[in-house]
Amino acid sequence: MSYLLALDAGTGSVRAVIFDLQGNQISVGQAEWKHLSVENVPGSMEFDLETNWQLACRCIHQALSRANLTAADIQSVACCSMREGIVLYDRNGEAIWACANVDARASREVAELKEIHDDRFESEVYEVSGQTLALSAMPRLLWLAHHRPDIYRSAATITMISDWLAAKLSGELAVDPSNAGTTGMLDLFSRDWRPALLDMAGLRADILSPVKETGTVLGAITHEAAQQSGLREGTPVVMGGGDVQLGCLGLGVVRAGQTAVLGGTFWQQVVNLPQVRTDPEMNIRVNPHVIPGMAQAESISFFTGLTMRWFRDAFCAEEKLIAERMGMDTYSLLEEMASRVPAGSHGVMPIFSDAMHFKQWYHAAPSFINLSIDPEKCNKATLFRALEENAAIVSACNLAQISRFSGVTFESLVFAGGGSKGALWSQILSDVTGLPVRVPEVKEATALGCAIAAGAGAGLFADMASTGERLVKWSREFTPNPRHRELYDGMMQKWQAVYADQLGLVDSGLTTSMWQAPGLVRAAAP
């Protein structure tokens, strides 16, 4: 038997996941990690390179042990990670500094870049890369130049966190387009660096590492890495990529026009574009897919899963105890309660994430609108259903924005991630969008996509796209209830109008935004 290892570095944890060549998950080792906040540096979230490498090695040992496999059973390895997290190296190839995707220290640098170039620079960055400045690497590099010139001067190479893991295994430094594309320094069309953007930002352009496509061989496990990780020296290390794009590969979302909603802490609505292009209104992010030559439009709903967790933990202590006694998940119990609430949730309207506006990105204050004091109509079950309906409405708004600039007409949705575990939520998503919704069996789509890349690079699969389609297995399919469509269309229009008013309260300083992009400067209220 041959097996593949995916090393997946997420925002909150690292996982080593072993698959067989039929896409079956054999075992997993997992460890949580924390990012380091630097004293007196607001928004900083540095990535602990030494500790996190040790945790990654521990996960590999765990996965091998739990599968009762030896190092010789692993035929190939690839790595994936959260996007936006960057790592800098010195001239000897030693990592000297890294930050996670959640690092927001460079707000002032974002604002400076916008002011110096009167927003023209950000528009050019977006047209070339599909990214805005708020989440890109350039403001963070500029922050280092201003505040840590010792690190900035010593930096010889930059990669993403997935590439750092691959480098620790193989000793080779390179980036792939799907993850490096989120730096805002990579050309979406050529899938290579655009040094002129760094020149315009007043940054060095001599730190850009080689670009290799996902699924190509980077190197092999070194003797040192074999000693630390428990893997076999000489095992191929293949280029991985960004978590969302590899997740789409693991879901078989590899052809133009295919669409997925990935329901986790954040929800991503991802559409494979028929041709590479960006949004003239700069509302939607555009990233390179792991499939060569293909780009993906991506919209993000903020804190969707986190909002559900907050609601559960803040208000549902009784339901948590009942669920524990019944041996079931608390969310399953809440969904069962919510299923008895009529569609529309008696008009209750949650205000949390806005639809995505990449250029001017901020949210209203979290709230529930249109509550009643009738306990039969306004209770925990109603609020829970309202949150699920609202998540689906925000997704539908985001998908409509993508459709307007891309011309893609959606035929169906793939719904994956934690949100897709709920049958009610899956049905609501189908009802709100008016589209069939397919839910896959795979629980680790990102890791599976990473394993597919590893297998393709080692010659065990013919190509990534056809393998992703072949290995994905479907659990359930939901079809829209036509009786609910008019109701939800009306709810969507009301929600958009109310949300605009709620943003006005933030602009007036009367309420506090749930989140706003680093460096965002809003016009002051009159």
Side-chain angles (χ1 to χ4, degrees), residues 19 22-25 243-274 289-291 294 296-301 304-305 308 329 331-332 335 338-339 343 388-389 391-400 402-403 406 408-452 464-485 488:
F19 294 89
Q22 287 70 50
N24 299 306
Q25 182 177 314
D243 52 5
V244 168
Q245 294 95 321
L246 282 170
C248 287
L249 172 59
L251 296 168
V253 180
V254 294
R255 307 293 175 187
Q258 288 183 311
T259 305
V261 176
L262 309 178
T265 301
F266 295 75
W267 276 28
Q268 287 104 0
Q269 297 83 38
V270 184
V271 179
N272 291 344
L273 297 176
H289 199 344
V290 293
I291 305 301
M294 181 174 285
Q296 292 183 311
E298 178 189 358
S299 56
I300 302 172
S301 306
T304 308
M308 304 305 277
D329 181 71
Y331 290 123
S332 298
E335 272 220 332
S339 67
E388 291 199 336
E389 290 177 334
I393 285 171
V394 176
S395 288
C397 291
N398 280 328
L399 289 171
I402 294 173
S403 182
S406 68
V408 174
T409 301
F410 309 118
E411 296 180 358
S412 65
L413 299 178
V414 173
F415 187 29
S420 67
K421 296 176 183 177
L424 177 62
W425 217 347
S426 301
Q427 183 63 56
I428 288 172
L429 182 62
S430 179
D431 292 347
V432 169
T433 60
L435 297 169
V437 169
R438 293 187 297 165
V439 176
E441 287 184 6
V442 67
K443 301 300 186 292
E444 293 274 7
T446 295
L448 176 58
C450 190
I452 290 170
M464 293 191 298
S466 64
T467 304
E469 291 175 314
R470 177 172 58 83
L471 294 186
V472 66
K473 301 177 179 70
W474 301 106
S475 171
R476 297 167 293 175
E477 182 164 343
F478 299 83
T479 56
N481 183 338
R483 296 195 308 271
H484 294 162
R485 186 65 197 278
Y488 283 133

Student: Where is the tightest heavy-atom contact between Q268 and E298, given as atom of each residue plus distance?
Tutor: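 It is CG-OE2, 3.1 Å.
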Student: Evaluate the side-chain proximity of V244 to L262: yes if any heavy-atom separation is below 4.5 Å, no if none is.
Tutor: yes
Student: Within a strict 4.5 Å, meaning less than it, do heavy atoms of the S299 and I402 side chains meet?
Tutor: yes
Student: Rounded at 0.5 Å granularity, tell me how far CD1 in I428 sits from NE2 in H484.
Tutor: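 I428 atom CD1 to H484 atom NE2 measures 9.5 Å (nearest 0.5 Å).
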Student: Taking E469 for the side chain and V253 for the main chain, is one N or O donor matched with an acceptor at less than 3.5 Å?
Tutor: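 Not a single qualifying donor-acceptor pair exists.
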Student: Just wondering, do E477 and P436 contact through their side chains at under 4.5 Å, heavy atoms?
Tutor: yes
Student: So does R255 get a backbone contact from the side chain of N272, meaning a donor-acceptor N/O pair under 3.5 Å?
Tutor: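 At least one qualifying donor-acceptor pair exists.
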Student: Would you say the rings of W425 and F478 are close, in the sense that their centroids are separated by under 6.0 Å?
Tutor: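 No, ring centres 6.0 Å or more apart.
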Student: Start with the C-alpha distance between Y331 and M308, add both sets of side-chain angles, then the distance that settles side-chain contact (heavy atoms from CB on, under 4.5 Å), and finish with yes or no.
Tutor: CA-CA 9 Å; Y331 290 123; M308 304 305 277; 4.1 Å; yes
Student: Search all heavy atoms of N24 against all heavy atoms of K473 and return the closest pair with its distance.
Tutor: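 Taking N24 first and K473 second, the nearest heavy atoms are OD1-NZ, 3.8 Å.
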Student: Determine yes or no for a side-chain-to-main-chain donor-acceptor pair under 3.5 angstrom, with S430 supplying the side chain and L435 the backbone.
Tutor: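 Pair found, side chain donor or acceptor close to backbone of L435.
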Student: When you look at CD of E411, are more than 12 heavy atoms from neighbouring residues, nucleotides or ligands closer to it than 6.0 Å?
Tutor: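 No, not enclosed.
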Student: Would a distance-only check, ignoring hydrogens and angles, find a side-chain to backbone donor-acceptor pair under 3.5 Å from S403 to V408?
Tutor: yes
Student: Kindly compute the distance separating CG (L249) from CD1 (I452), expressed to the nearest 0.5 Å.
Tutor: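 Output value for this atom pair is 4.5 Å.
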Student: Taking all non-hydrogen atoms of both residues, which atom of Q258 and which atom of V254 are closest, and how far apart?
Tutor: OE1-N, 2.7 Å
Student: Side chains of T259 and Q269: any donor to acceptor distance under 3.5 Å?
Tutor: no
Student: Output, in order, the C-alpha distance, side-chain angles, deciding distance and verdict of side-chain contact (heavy atoms from CB on, under 4.5 Å) for V472 and V414.
Tutor: CA-CA 11 Å; V472 66; V414 173; over 6 Å; no
Student: Identify the two heavy atoms, one from F410 and one from V271, that lie closest to each other, and give their separation to 0.1 Å.
Tutor: CE2-CG2, 3.6 Å
Student: Considering all heavy atoms of both residues, which atom of Q296 and which atom of Q245 are nearest to each other, and what is their separation?
Tutor: OE1-CG, 3.2 Å
Student: Between OG1 of T479 and CG of D431, what distance do you get to the nearest 0.5 Å?
Tutor: 8.5 Å
Student: When rounded to the nearest 0.5 angstrom, what distance separates CG in L429 from CH2 in W267?
Tutor: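 If I round to the nearest 0.5 Å, the distance is 6.0 Å.
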Student: Is the backbone of L273 close enough, under 3.5 Å, to the side chain of S406 for a donor and an acceptor to pair up by distance?
Tutor: no
Student: If you take all heavy atoms of P440 and L251, which pair is closest and at what distance?
Tutor: CG-CD2, 3.4 Å
